[in-house]
Amino acid sequence: MPSNDVRILAQAAVPTAAVGAVAAVISGVVAGGKGAVGAAIATLVVILFMGIGLYVLQRTAKSLPHLFQAMGLMLYAAQILLLFVFVAAFKNTTLFNPKAFAITLVVGTLAWIAAQTRAHMKAKILYVEPDSTTGDKPEKSEHSS
């Protein structure tokens, strides 16, 4: 991944992890150990899903720029659908508190989107790729008439 992509990934993942840690503490206080486990798992799911999505979107932008917008819309719709599937699949689990899991999943997703938006707005990414060769200027002729 280019350095801008890694920087944006880090600027989105770190705040999301911090929000997840706060959610785990709050869930642990409110719902006990199972609440903390549910919040931690939800945070990992959000970081994994959104990180993979960002990677796929950046690869699409580089290789198929004409499909970037459509791919972005499809990717976010697929991510939301998969997150709903996770919530439905673990609705009645006894492994962790499903309410803490679901609430942390939503809050973590919103934190990721906000942090990624902020990172993109602050990034100074060129929208036109400059030429890699700098010394290919045509030479002036000595006999200018």
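Residue Arg59 holds its CZ atom at 13.0 Å from CG of Leu54, rounded to the nearest 0.5 Å. For the atom pair Lys122 NZ and Gln11 CD, the distance stands at 8.0 Å (nearest 0.5 Å). Interatomic distance, Met74 CE to Gln79 CD, rounded to the nearest 0.5 Å: 9.5 Å. Note: Thr60 OG1 to Tyr55 OH = 10.0 Å, rounded to the nearest 0.5 Å. Rounding to the nearest 0.5 angstrom, the gap separating the CG atom in Leu44 from the OG1 atom in Thr104 is 11.0 Å. In this structure, CG on Leu105 lies 11.0 Å from CD1 on Ile41, to the nearest 0.5 angstrom.
Across every non-hydrogen atom of Pro15 and Ala10, the tightest pair is CD-O, 4.1 Å. The heavy-atom pair separating Ala31 from Asn97 by the smallest distance is CB-ND2, 3.1 Å. Among all heavy-atom pairs drawn from Ala39 and Ser27, the shortest one is CB-OG, 3.8 Å. Taking every heavy atom of both residues into account, Thr16 and Ala111 meet most closely at OG1-C, 4.0 Å. In terms of heavy-atom proximity, Thr109 sits nearest to Val46 at OG1-CG2, 3.6 Å. Of all heavy-atom pairs between Gly38 and Phe101, the closest is O-CD1, 3.4 Å.
For residues 16-54, every residue pair satisfying the ring pair (Phe, Tyr, Trp, His ring centres under 6.0 Å) rule, not counting sequence neighbours, is listed here: Phe49-Phe86.
Under the 4.5 Å side-chain contact rule for hydrophobic residues, Val56 and Leu48 share a cluster. Val14 and Val22 end up in different hydrophobic clusters when Ile, Leu, Val, Met, Phe, Trp and Tyr side chains are linked at under 4.5 Å. When hydrophobic clusters are built by joining Ile, Leu, Val, Met, Phe, Trp and Tyr residues whose side-chain heavy atoms come closer than 4.5 Å, directly or via intermediates, Trp112 is not grouped with Val19. Under the 4.5 Å side-chain heavy-atom criterion for grouping Ile, Leu, Val, Met, Phe, Trp and Tyr, Ile113 is connected to Ile8 within one hydrophobic cluster. Phe84 is not connected to Ile103 by any chain of hydrophobic side-chain contacts under 4.5 Å among Ile, Leu, Val, Met, Phe, Trp and Tyr, and they are in different clusters.
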